[in-house]
Amino acid sequence: MARANDAVAAALEEYAELFAMTGGDAFRVRSYQKAAKAIAGFPEDIAATAVRSVPGVGEAIAKKVEEFLTRGSFRQLDDLRGKVPEGVRRLTRVPSLGPKKAVFLFQELGIDSPEALAEAIGQGRLRGVKGFGPKTEANLLHGLEQLEQAGARVDIGTAMDLAEQIIASLDAERIAYAGSLRRMKETIGDIDILAVGPESLMDDFRGMPYVAEVIASGEKKTSVRTTQGVQVDLRLVPAASWGAAMQYFTGSKEHNVHLRELVVKRGWKLSEYGLFDGDRVIAAEREEDVYEALGMPWIPPTLREDGGEIDAALAGELPDLVTVADLRGDLHTHTDLTDGIASLEEMVAAAAARGYSYYAVTDHAPDLAMQRMTLERALEQRERLRRLQADYPDMRLLHGTELNIGPDGSVDWPEEVLAGFDVCVASVHSHFTQSREEMTRRFVAACENPQVHIIGHPTTRRIGRRPPVDADWDEVFRAAARTGTALEIDSAAERSDLPSDLVRRARHHGVRFSIDSDAHSVPGLAGQRFGVGVAQRGWLNADDVINTWPLERLLDFLGR
DNA sequence: GCCGTTTTCGGCCCGACTGTTTTCAGTCG
């Protein structure tokens with residue numbers, strides 16, 4: 001069941017942003033951001049909790065949240081939405097453009113969207129404007145390009161939260177999401193929801209508080225844009241053709257085109273209403289029947305990209321994909337010692353509740369200055385973790401760290417310190433714009449460090465915010481395979497990193513993977529389901545993933 | 001706006017980088 005937490009957090013996040021843009025006090029902005037983060041990371045459903053009990057939520061924010069929970073917004077948010085055009089908010093999505101410059105551009109030049117900014121630059125209207133020199137202009141152009149590449153797509157976590165919220169809000173006989181979301185694609189353009197139920201469902205849908213705009217509405221399909229700017233299509237389908245509709249609307253288009261070629265060869269017809277031989281229905285109610293009628297087992301949605309899955313299915317050679325149930329632990333997580341929001345004790349208790357055989361705490365290492373890590377603090381944490389171990393006889397607690405890979409491939413702590421950690425994840429957190437050669441050398445050097453077990457979020461992309469770094473990935477994969485360094489599939493939805501296409505390529509080089517949550521909160525631990533989606537899209541089976549292995553085998557891998 | 005074993009007022013993760021500025025503002029992690 002969808003929790004209200006994410007919708008509340010998104011509203012507070014938006015308010016913080018608008019408040020900052022309208023000249024609000026920076027410390028108050030931080031209060032809203034902190035509260036949003038705490039609510040998103042709060043383990044209970046906020047709608048069923050005393051809001052004040054969430055750390056970081058005081059009198060004023062509690063009132064706003066309560067109003068939001070009753071009517072889907074709050075007065076101050078409505079006010080600011082009226083003052084700052086939605087497009088100006090989108091301007092801050094342009095990398096290198098923050099709230100200050102965005103508001104400046106709006107007030108001084110009337111630029112009210114990324115599109116308008118592109119036009120203004122094209123017309124040379126930024127020339128000579130105070131604070132906008134040639135370098136800034138070039139950076140903005142580059143940022144606009146990146147934004148365009150990312151498109152209006154949102155990460156799968158945002159889309160999944162929204163889809164689950166919508167599904168929970170509608171009273172249908174049967175309802176589910178299809179499309180790229182069901183295929184667990186890392187970014188989602190729009191959300192497709194199929195439902196069986198009365199036509200009044202459409203009215204209910206249009207009237208929901210999360211609907212900002214109705215784009216189109218008919219008997220069978222309603223399209224809306226939500227307050228988060230995501231398009232959602234709701235389709236009513238006949239109960240008798242549920243399976244065919246799911247098959248059709250799950251896609252991908254390429255998968256369906258390929259499948260329909262097989263259908264046509266047999267003189268049949270496949271549509272969202274069913275698989276037909278003339279007027280005779282061969283399959284319609286169950287999706288499995290569509291595939292079985294074509295002589296193959298049901299194909300998992302995560303494989304439906306026309307990447308060889310149909311031939312594999314026909315040959316009976318579909319991979320035995322890794323699942324969430326295969327995971328025995330998590331090897332990359334944070335606590336409030338650095339930038340997490342839950343304590344060590346809370347995170348460990350939550351991990352135990354998830355039934356893990358092992359669990360690694362990997363707070364940031366000292367070179368990420370804002371985290372203020374020191375060796376002393378790390379060793380104190382280790383002591384606390386060792387003491388906690390006694391309370392968890394069925395779960396091995398591993399003390400790890402997330403190191404920073406420097407520009408030359410070196411990491412923060414010297415070898416003798418690293419040797420004291422059970423798990424070392426090493427990640428790039430700076431110098432993103434090195435040349436391909438430098439970046440490749442940097443990753444290869446990190447792989448060759450015998451103390452490094454896992455390369456964290458390898459491409460360092462942040463969906464919609466930062467492009468992946470440039471490296472010769474095949475070279476990196478060869479180094480990882482040669483040195484026995486695992487590559488991480490970071491499950492945090494805005495990362496989804498490695499991306500699935502690179503996962504599949506890396507697998508061909510014989511690389512092992514670790515599907516980690518990179519959780520900064522208790523609910524963050526559940527994010528592994530998105531990493532499993534990426535892994536499935538990369539055709540991984542359980543054996544490819546080190547944290548499906550039994551404890552002994554994992555310890556062996558870690559060299560202990 | 002939130003929070004409290006130095007505080008109910010006065011602090012609030014902080015340093016690096018970049019471009020533009022002649023002493024710093026904005027952005028980012």
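Each chain gets a letter, A, B and so on, in the order the sequences are listed, and its residues count up from 1.
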His431(A) and Glu438(A): side chain donor to acceptor below 3.5 Å: no
dG29(B) OP1/OP2 closer than 4.0 Å to side-chain N/O of Arg466(A): yes
Lys130(A) vs dA25(B): side-chain N/O to OP1/OP2 distance below 4.0 Å: no
From dC13(B), dG29(B), dG26(B), nucleotide with atom closest to Phe432(A) side chain: dG29(B)
Sugar-phosphate, base or nothing in reach of Lys63(A), heavy atoms under 4.0 Å: nothing
Sugar-phosphate only, base, or nothing, as touched by Arg462(A) at under 4.0 Å among non-hydrogen atoms: sugar-phosphate
Among dG19(B), dC13(B), dG29(B), the one nearest Thr136(A) by side-chain distance: dG19(B)
Residue Lys100(A), side-chain heavy atoms: nucleotide from dG26(B), dG19(B), dG1(B) that is nearest: dG26(B)
Candidate nucleotides dT20(B), dG1(B), dG29(B), ranked by approach to the side chain of Asp25(A) - the nearest: dG1(B)
4.5 Å side-chain heavy-atom contact, Phe74(A) and Lys63(A): no
Touch class at under 4.0 angstrom, heavy-atom based, for Arg372(A) against every strand present: sugar-phosphate
Phosphate OP1/OP2 of dC12(B): any Arg28(A) side-chain N/O under 4.0 Å: no
Sugar-phosphate only, base, or nothing, as touched by Asn139(A) at under 4.0 Å among non-hydrogen atoms: sugar-phosphate
Glu416(A) CD: over 12 foreign heavy atoms closer than 6.0 Å: yes
Distance-only side-chain donor-acceptor flag, Asp6(A) / Gln165(A), under 3.5 Å: no
Nearest to side-chain heavy atoms of Pro134(A), which nucleotide of dT20(B), dG26(B), dG1(B): dT20(B)
Selection from dG29(B), dC17(B), dC13(B) that lies nearest to any side-chain heavy atom of His431(A): dC17(B)
